[in-house]
Amino acid sequence: MNRFRLSFFIFLTFIQWTHVLGQEYDLVIYGGTSAGVAAAIQASRMDKSVVLIEPSHRLGGLTTGGLGQTDIGNKQAIGGISREFYRGIKEYYKQPEHWKWQKKEEYKDGGQTTTAEGEDAMWTFEPSAALQVFQQMLDQEEVTIVYGERLLRTEDGVDKTNGKLTAITMESGKKFQGKMFMDATYEGDLMATAGVSYTVGREGNKKYKESLNGVQANYYAPTLQNKVSRNAINHNFVPGVDPYIEKGNPSSGLLPFINPEGPGIDGAGDNKVQAYCFRMCLTDHPDNRIPFEKPEGYQELDYELLIRNYEMGEAQVPWINSYMPNRKTDTNNRLGFSTDFIGQNYDYPEASYEEREKIVEAHRKYQQGLMWTLAYHPRMPEKIRNEVSRWGTSKDEFEREDGWQNQLYIREARRMISDLVMTQHHCEGLEVVDDGIGLAAYGMDSHHIQRYVDANGFVQNEGNVEAHVSGPYPISYRSIIPKRSEAQNLLVPVCISASHIAFGSIRMEPVFMVLGQSAAIAAAMAIDESLAVQDIPYASLKETLLKYKQRLE
């Protein structure tokens, strides 16, 4: 590029940023997750100026980051822009050019996508398909998208006057002014920086009179003919796995990633967070497959528990391999030692950006080492090696050359504490809110939270919960808005006000899209009527939600 063209490019960039930074937007959305994308689309459709700020360089969060096997519970609970997205997925796969690695008629998804008459949407998809559908939806709207800008997480990061946010500042110094603001991140960074109350970890069961919160360690070895907790036994080790570096010798020390302090008292709260992982997009197509490689710094001891679990009788591959189109997968955690990096994410919600990057990289290295061990380690059973080694990451999905994504599965981080907290009682239908803005329908779900040595001297995982809900239930508007005294023009559709176990039911990508759209509708109404978000009449909000095809009952 010659000097004149370079100068002209810099001038144009300066003009564009001057326009972006000098404008007061109707709605400033921080976080380009699926909730943020849905909110931006809705705001545009209501003729509101909107800026969508994504700290990374890829929109869509987990929906475009590997979670292609949609966790949904009940498809009929999903309406509005969320359902529009899944209809877009179905239209995407109707086009022959999008079937590169297999024929459409060869694809079988395992149950989520149905060819039954009347099904208007498709619920399983490649990450790249989700990204393209989101982009097509955004291309039809007036949305300013800003990539690579991270919120300044100090008191200077949020300008606030008389209980209202007026601007947010990025680490780069760029400032975005707005009438309404939305935190659509998985971490709740804007909410926290704005001084909104929140919590991290598990409440004790006594806090909200629940039974599925807090420590879930009610496990006794079946060989001793004692009662086994259904939650505790799922995704756990086979009986008899020794936890010590030298088998049978406690003085040799515990193997890596085991909590030496024990699990705590059943039902008691703590500040621990359910495990994260990468939802791998794998393929077995030889022309699109990148074989698993041993990561730099690999330590066999980190996977000794995995190997011992097989030596004690485990016989299955430790994954849920859900089939996506084009001979790809959405691969998730299963069994006692798998893709979840249990106990290694406690600091993530409150960590600095640099510390979070280290945690994310540690998760990636762990999972890369796991896959190499399963595929190639000589101590692994031959049957397991033969199955895992035929898979690899996909060449054509993510930006990294090794086929791994950048989006870690942040199952849970901060959760707001507002005037209403969604709890187990709402999930079970024992309490029903009167200001619903969308429906949740997935079971109450928590992945394991810690690994410990049980009373028999064997290793166990703790924290798993899998509990059904009776049917779709409404999510309160009050759960996505802060207390009036803390912020009057902020909405939080992802890190909502919910107990740990209730959040485990609500935290599904289609529901986040629903909540993002509903939050944008509320923001637009607050602007039009010059109201605090806490003062919007629910009758008017409900009427508008239904107008935009949200499903509320």
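Values below: every heavy atom of this structure, side chains too, minus hydrogens, waters and symmetry copies.
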Output side-chain donor-acceptor pairs under 3.5 Å for residues 497-507, partner residues at least two apart or in another chain, one line each.
| unit_1 | atom_1 | unit_2 | atom_2 | d |
| --- | --- | --- | --- | --- |
| Ser497 | OG | Met416 | O | 3.4 |
| Ser497 | OG | Ser418 | N | 3.0 |
| Ser497 | OG | Leu420 | O | 2.8 |
| Ser499 | OG | Glu210 | OE2 | 2.8 |
| Ser499 | OG | Ala502 | N | 3.3 |
| His500 | ND1 | Glu412 | OE1 | 3.0 |
| His500 | ND1 | Glu412 | OE2 | 3.1 |
| His500 | NE2 | Ser446 | OG | 3.3 |
| Ser505 | OG | Tyr442 | O | 2.5 |
| Ser505 | OG | Tyr473 | OH | 2.7 |
| Arg507 | NH1 | Tyr409 | OH | 3.0 |
| Arg507 | NH2 | Asp445 | OD2 | 2.7 |

**OP:** Could you check whether the rings of Trp404 and Phe278 sit parallel, tilted or perpendicular, using 30° and 60° as the cut-offs?
**Re:** perpendicular
Original post:
If we ignore angles and hydrogens, is there a donor and acceptor under 3.5 Å between the side chains of Arg334 and Gln316?
Top reply: yes
**OP:** Assess whether side chain to side chain contact (heavy atoms under 4.5 Å, CB included) is satisfied between Ile536 and Tyr477, documenting all intermediate values.
**Re:** CA-CA 10 Å; Ile536 297 174; Tyr477 175 59; 3.5 Å; yes
Original post:
Between Gln69 and Asp71, is any side-chain donor less than 3.5 angstrom from a side-chain acceptor?
Top reply: no
Subject >> Heavy atoms from other residues, nucleotides or ligands near CD of Glu105 exceed 12 (cutoff 6.0 Å) >> reply: yes
Original post:
If we ignore angles and hydrogens, is there a donor and acceptor under 3.5 Å between the side chains of Thr70 and Glu509?
Top reply: no
Subject >> Intermediate values then yes/no, side chain to side chain contact (heavy atoms under 4.5 Å, CB included), Val360 and Glu357 >> reply: CA-CA 5 Å; Val360 171; Glu357 288 169 359; 5.7 Å; no
**OP:** Output yes when a side-chain donor or acceptor of Arg289 lies under 3.5 Å from a complementary backbone atom of Trp391, and no otherwise.
**Re:** yes
Original post:
Is the shortest distance from a Lys or Arg side-chain nitrogen in Arg411 or Asp340 to a carboxylate oxygen in the other one below 4.0 Å?
Top reply: yes
Original post:
Once the angle between the rings of His235 and His448 is folded into 0 to 90°, is it parallel (under 30°), tilted (30 to 60°) or perpendicular (over 60°)?
Top reply: perpendicular
Subject >> Nearest non-hydrogen partners of Ala520 and Met182, listed with the distance >> reply: N-CE, 3.7 Å
Original post:
Can you name the one residue among Arg87, Gln95, Lys94 that meets side-chain hydrogen bond (donor to acceptor under 3.5 Å, both in side chains) with Glu91?
Top reply: Lys94
**OP:** Please work out which of the three classes, parallel, tilted or perpendicular, describes the rings of Tyr276 and His363, given edges at 30° and 60°.
**Re:** tilted
**OP:** Check whether the ring centres of His98 and Tyr92 lie less than 6.0 Å apart, and answer yes or no.
**Re:** yes
Original post:
What is the distance from atom CD of Glu401 to atom NZ of Lys395, rounded to the nearest 0.5 Å?
Top reply: 12.0 Å
Subject >> Nearest heavy atoms of Ser34 and Thr63, plus distance in Å >> reply: CB-OG1, 3.7 Å
Original post:
How about Gln102: does its CD atom have over 12 heavy atoms from other parts shown lying under 6.0 Å from it?
Top reply: yes
Original post:
Take atom NZ in Lys365; do more than 12 heavy atoms of anything else shown fall under 6.0 Å from it?
Top reply: yes
**OP:** State, without any angle test, whether Gln136 and Gln140 hold a side-chain donor-acceptor pair at a distance under 3.5 Å.
**Re:** no
Original post:
So, Lys48 and Asp528, do they make that salt bridge, N to O below 4.0 Å?
Top reply: yes
Original post:
Of the non-hydrogen atoms in Ile359 and Gln344, which two are nearest, and what is the gap between them?
Top reply: CG2-O, 3.9 Å
Original post:
Just wondering, do Leu138 and Ile41 contact through their side chains at under 4.5 Å, heavy atoms?
Top reply: yes
Original post:
So does Lys104 have more than 12 non-hydrogen atoms from other groups sitting under 6.0 Å from NZ?
Top reply: yes
**OP:** Output every pair passing salt bridge (Lys or Arg N to Asp or Glu O under 4.0 Å) with a member in residues 434-443, not counting sequence neighbours, ordered by first then second residue.
**Re:** Asp434-Arg478, Asp435-Arg478
Subject >> Gap between atom CD of Gln424 and atom CG of Asn213 - 0.5 Å precision >> reply: 8.0 Å
Subject >> Glu141 backbone acceptor or donor facing Ser44 side chain under 3.5 Å >> reply: no
Original post:
Without hydrogens or angle criteria, can the side chains of Tyr30 and Thr193 be said to hold a donor-acceptor pair below 3.5 Å?
Top reply: no
**OP:** Without swapping roles, check the side chain of Glu54 against the backbone of Gly32 for a donor-acceptor pair under 3.5 Å.
**Re:** yes
Original post:
Any idea which heavy atoms bring Pro510 and Ile78 closest together, and the distance?
Top reply: CB-CD1, 3.9 Å
Original post:
Just by modelled atom types, is the Val514 backbone N or O under 3.5 Å from a matching donor or acceptor in the Gln517 side chain?
Top reply: no
**OP:** Apply side-chain hydrogen bond (donor to acceptor under 3.5 Å, both in side chains) to Thr199 and list each qualifying residue two or more places apart in sequence or on a separate chain.
**Re:** none
**OP:** Return yes when atom CD of Glu293 has more than 12 non-hydrogen atoms of other residues, nucleotides or ligands closer than 6.0 Å, and no otherwise.
**Re:** no
Original post:
Going through the distances and angles, do Leu59 and Thr64 end up as a side chain to side chain contact (heavy atoms under 4.5 Å, CB included)?
Top reply: CA-CA 7 Å; Leu59 287 176; Thr64 65; 5.8 Å; no
**OP:** Kindly say whether Thr339 contributes a backbone atom to a donor-acceptor pair with the side chain of Trp319 at under 3.5 angstrom?
**Re:** no
**OP:** Scan side-chain atoms only and decide if Trp101 and Asp396 contain a donor-acceptor pair under the 3.5 Å cut-off.
**Re:** yes
**OP:** Considering only NZ, NE, NH1 and NH2 on the basic side and carboxylate oxygens on the acidic side, decide whether Arg356 and Asp189 come within less than 4.0 Å.
**Re:** yes
**OP:** Please check if the side chain of Tyr107 supplies one atom and the backbone of Arg327 the other of a donor-acceptor pair under 3.5 Å.
**Re:** no
Original post:
Under 6.0 Å between ring centres, would you say that holds for Trp372 and Phe292?
Top reply: no
Original post:
Where does the angle between the aromatic ring planes of Phe125 and Phe85 fall among parallel (under 30°), tilted (30 to 60°) and perpendicular (over 60°)?
Top reply: perpendicular
Original post:
How close do Leu439 and Pro472 get, heavy atom to heavy atom, and via which atoms?
Top reply: CD1-CB, 4.2 Å
**OP:** Could you pull out the closest heavy-atom pair between Ala523 and Leu491, with the gap in Å?
**Re:** CB-CD1, 3.8 Å
**OP:** Please confirm whether the backbone N or O of Leu430 pairs with a side-chain atom of Glu428, one donor and one acceptor, at under 3.5 Å?
**Re:** no
Original post:
Does Ser479 use its side chain to pair, donor to acceptor, with the backbone of Met422 at less than 3.5 Å?
Top reply: no
Original post:
Only one of Val511, Val421, Leu515, Ile481 forms a side chain to side chain contact (heavy atoms under 4.5 Å, CB included) with Ile496, so which one is it?
Top reply: Leu515
Subject >> Check: Asn326/Glu126 side-chain N/O donor and acceptor closer than 3.5 Å >> reply: yes
Original post:
Going by atom types only, do Ser128 and Glu397 share a side-chain donor-acceptor pair under 3.5 Å?
Top reply: yes
Original post:
Do you see a donor-acceptor pair shorter than 3.5 Å between the side chains of Ser49 and Asp26?
Top reply: yes
Original post:
Do Thr33 side-chain atoms and Gly60 backbone N/O form a donor-acceptor pair below 3.5 Å?
Top reply: no
Original post:
Can you find a heavy atom in the side chain of Glu187 that is under 4.5 Å from one in the side chain of Cys495?
Top reply: no
**OP:** Give a yes or no answer on whether the side chain of Gln216 reaches the backbone of Leu212 with a donor-acceptor pair at less than 3.5 Å.
**Re:** yes
**OP:** Mind running side chain to side chain donor-acceptor pair (under 3.5 Å) on Asn321 and Thr331 for me, showing each step along the way?
**Re:** CA-CA 5 Å; Asn321 235 18; Thr331 299; 2.4 Å; yes
